[in-house]
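Note that the structure is a prediction, hence the values are computed from the model and not measured.
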Amino acid sequence: MNVVGLTPIIPILFAFALPLTSILVKGDRRIVQAYALTGTGLTLLSTVKLFQSAYSSKEPLIYTFGGWTAPVGIIYEVDRMSALIALVTAALMFLIAIYSYRYLEGEAGLEWYYTLYLGLEAGLLGVLLTGDAFNLFVMIEVTSIAAYALVMYYRDRGDSVVAGLKYALIGAVGTTMYFIALGVLYYGFGTLNFANLSALVHGMSFPVVGKPYGDVVIASGIALALATWAFLIKAAVFPNHFWLPEAHPAAPSPISAILSGLVVNVGVYALARFLYTVYGGALTSSLSSVVHALSLVLMLLGAISALFGALMMLVQKDVKRLIAYSTVMHMGYLVMAVGVGTQLALSAAIFHMVNHAIAKALLFLAAGVFIHAAGSRNLEDLAGLGRKMPVATFSLAVASLSLVGVPPFNVFFSKLLLFNAFLDKNPVLALVLVVSSVTALVAYVRVFYEVWLGKPGKEVEVGECWSMSGVCLVLALACVVIGLIAPHVVSHYVDPAAAQAVDYKLYVQKALEYAAKTKLGI
C-alpha cells in the first residue's frame with residue numbers, strides 16, 4: 001500500500017484497536033495517552049511523506065482501493081492542495097493530542113475520547129484525499145459522527161448534551177442534502193468520480209461513462225445548490241452558522257480548537273474542489289451561468305457571515321463563544337474567496353485555511369489554559385489570570401494579533417492576499433474584510449485587557465501547565481515563523497497548490513493514465 005492509501009488508514013486502525021488495548025492495560029491513562037500519541041505521530045509522519053511526494057511530483061498521486069480504477073472503483077487522488085492541508089491537519093492533531101491529556105485530567109473515559117479523536121482525524125484526512133464525491137460523503141459522515149460525540153464528551157453537563165444534539169441534527173440535515181445532491185449528479189452524469197465528472201463537464205472522453213446520461217445543466221444546477229447549502233452548514237457560514245456558537249464552547253477546549261481550526265475547513269475544501277476542479281475552467285454558456293450564480297451567492301453569504309461574526313464577537317461574555325463567532329467571520333472570508341473564482345483567490349483561500357487553522361487552534365488552546373485554571377468560560381472569571389501564566393498570555397496575544405491581521409504574523413499575509421483578490425473582483429468585498437477585521441480587533445483587545453489587566457473577583461492559585469502552554473508556545477512560534485517567511489511559503493507551496501487544483505485537465509489525465517496502466521498490467 002502506498003502512502004496515499006496508508007495515511008487515512010493509520011488513525012482508523014488505531015481508533016478501532018484502542019478500546020481493546022484499553023481493556024488489556026486496565027485503562028492506564030499514561031498508556032492510553034502514549035497509544036494516542038503513537039497513532040497521531042505515525043499519521044503525521046505519513047502526511048509528511050505524502051506532502052513530499054505530492055510536491056516532488058508534477059502530477060496528482062493516485063491510490064485505488066482493491067485495484068478498481070475510476071470510474072468503477074473509488075480512488076484517492078491527491079494534488080498539492082490536498083497534501084498541504086492534510087499536513088497542517090495531521091500536525092495540529094498531534095499537538096492537540098499532547099495538550100488533551102492534561103486538560104482532561106480527572107475526567108473519565110479518556111480511551112473513548114481518543115478513540116473518537118483518531119476517528120475524527122481519519123475522517124478529516126479522508127475528506128482531503130478522496131477523488132470521489134460519494135466517498136467524500138462517507139468521510140464527511142465519519143468526521144461528523146466523531147465530532148458530534150466529542151462535543152457531548154461532558155455527558156453529565158446539560159449544555160454539552162444539548163449543543164451536541166443540535167449540532168448532530170443540523171449536521172444530519174446537511175449530509176442528507178449532500179446525499180440527495182449525489183443522487184442528482186449520478187442521475188445526470190452516471191458517475192461520481194471527480195475526474196470523470198470534470199471530464200464530462202468539459203466534454204472530454206473517459207472510459208465506461210463516456211457521455212452524460214441526462215441533462216448536464218439541470219443536474220448540475222440542482223446538485224450544486226444542494227451540495228453548496230450542505231457545505232455551508234459544515235463551514236458554519238451565515239445563515240447556517242447557528243449551531244457553531246453553541247457546539248464549540250460546550251466541547252472540551254482541545255476539541256473546540258479542532259472544530260474551529262480544522263473541521264469547518266471541510267465545507268470550504270469541498271466547495272473549492274467542486275468549483276475549481278470539477279466545474280472550473282471554460283464551460284458552456286449554460287453551465288457557466290449556473291456557476292456564476294452560485295459564485296454570487298457565495299460572495300454575498302460570505303460577506304454577511306464576516307460582518308455578522310465580527311459584530312457578534314463584541315457582545316459575548318463567554319470567551320469560547322466569542323472565539324466561535326470569530327470562526328464564523330473567517331469562514332465568511334474563505335467562502336467569499338471561493339466565490340471569486342480566480343486562481344489568486346484560491347491561493348489566498350488555501351493560505352488563509354492554513355493560517356487560520358493554526359492561529360484559531362492556538363487561540364482556543366490558550367484560552368483553554370485559563371478556562372482549565374479558573375473552571376469557567378466567563379470572561380470576568382478569567383480576569384487577572386494572565387499575569388500568573390505568561391506563556392499562555394503570550395500565546396493568546398500572538399493568536400489574537402494574528403487573527404486580526406497584524407504584521408508580521410501569518411494571518412496578515414493571507415489577509416493581504418484575500419484583500420488583493422477581493423479588490424480585483426469588487427472593492428466592496430475588500431471593504432468587508434477591513435471593516436470586519438477592525439471590529440474583531442475591538443473584541444480581542446477586550447479579551448486581552450480582561451485576562452491581563454483585569455481585577456480578579458477572587459484570588460485563584462494557579463500555575464503554568466507546561467504540557468499545555470508548551471503546545472501553545474509551539475503554535476505561537478509557528479504563527480511568527482510562517483509570517484516571517486510568508487513570501488517563500490506562498491511562492492513555493494501555496495501558489496503551486498492552487499495552480500494544480502485549477503488544472504482540471506491534469507487531474508482528469510492522471511486518472512485516465514492510471515486506468516490505462518492498470519488495464520495493461522503495468
Side-chain angles (χ1 to χ4, degrees), residues 116-117 119-120 123-124 127 137 139-155 157-181 226-271 297-298 301-302 304-313 315-335 353 356-357 360-361 363-364 367 377:
L116 293 166
Y117 188 96
L120 178 62
L124 287 170
V127 166
F137 165 78
M139 290 302 160
I140 288 175
E141 281 286 69
V142 171
T143 301
S144 299
I145 291 168
Y148 305 152
L150 286 166
V151 168
M152 293 185 278
Y153 179 74
Y154 296 127
R155 55 190 180 276
R157 276 179 21 193
D159 67 325
S160 180
V161 174
V162 170
L165 290 174
K166 286 182 179 179
Y167 182 18
L169 180 61
I170 187 62
V173 171
T175 48
T176 301
M177 292 177 74
Y178 179 56
F179 188 74
I180 296 170
L226 289 169
T228 297
W229 206 248
F231 297 148
L232 291 181
I233 290 173
K234 297 301 177 184
V237 172
F238 181 93
N240 298 327
H241 68 284
F242 53 87
W243 58 268
L244 183 145
E246 290 190 43
H248 290 200
S253 290
I255 299 305
S256 300
I258 294 169
L259 293 173
S260 272
L262 299 174
V263 173
V264 289
N265 282 346
V266 164
V268 177
Y269 172 83
L271 275 173
V297 170
L298 291 177
L301 293 180
I304 295 172
S305 190
L307 293 171
F308 176 79
L311 289 171
M312 289 300 292
M313 288 174 67
V315 296
Q316 303 304 317
K317 293 184 178 179
D318 182 329
V319 66
K320 289 178 74 175
R321 281 180 70 89
L322 186 152
I323 300 171
Y325 275 112
S326 168
T327 300
V328 173
M329 178 182 72
H330 283 274
M331 289 301 107
Y333 299 156
L334 289 171
V335 168
M353 262 195 281
H356 174 259
K360 184 54 61 67
L363 188 59
F364 260 119
R377 305 195 308 255

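In this structure, Phe238 and Val335 have side chains that are not in contact, with every pair of non-hydrogen atoms separated by 4.5 Å or more. Looking at heavy atoms from C-beta onward, Val263 lies in side-chain contact with Leu124 at the 4.5 angstrom threshold. With contacts defined as side-chain heavy-atom distances shorter than 4.5 Å, the pair Met152/Leu165 qualifies.
In this structure a side-chain-to-backbone donor-acceptor pair under 3.5 Å is missing from Trp229 to Asn240. Of the possible donor and acceptor atoms, one in the side chain of Thr175 sits under 3.5 Å from a partner among the backbone N and O of Ala172. Judged by distance alone, the side chain of Glu246 and the main-chain N or O of Phe242 form no donor-acceptor pair under 3.5 Å. Put simply, the side chain of Ser305 never gets that close to the backbone of Leu301: no donor and acceptor are under 3.5 Å apart.
Relative orientation of the Tyr167 and Tyr148 rings is perpendicular, given thresholds of 30° and 60° on the angle between their planes.
With rounding to the nearest 0.5 Å, the separation of CD1 in Ile258 from NZ in Lys360 is 14.5 Å. Taken from CD1 in Ile170 to NZ in Lys234, the straight-line distance is 9.0 Å, to the nearest 0.5 Å. Going from atom CZ of Phe179 over to atom CD of Glu141 covers 9.5 Å, rounded to the nearest 0.5 Å.
Of all the heavy atoms in Ser260 and Thr327, the pair that sits closest is OG-OG1, 2.9 Å.
Centroid-to-centroid, the aromatic rings of Phe308 and His241 come within less than 6.0 Å.
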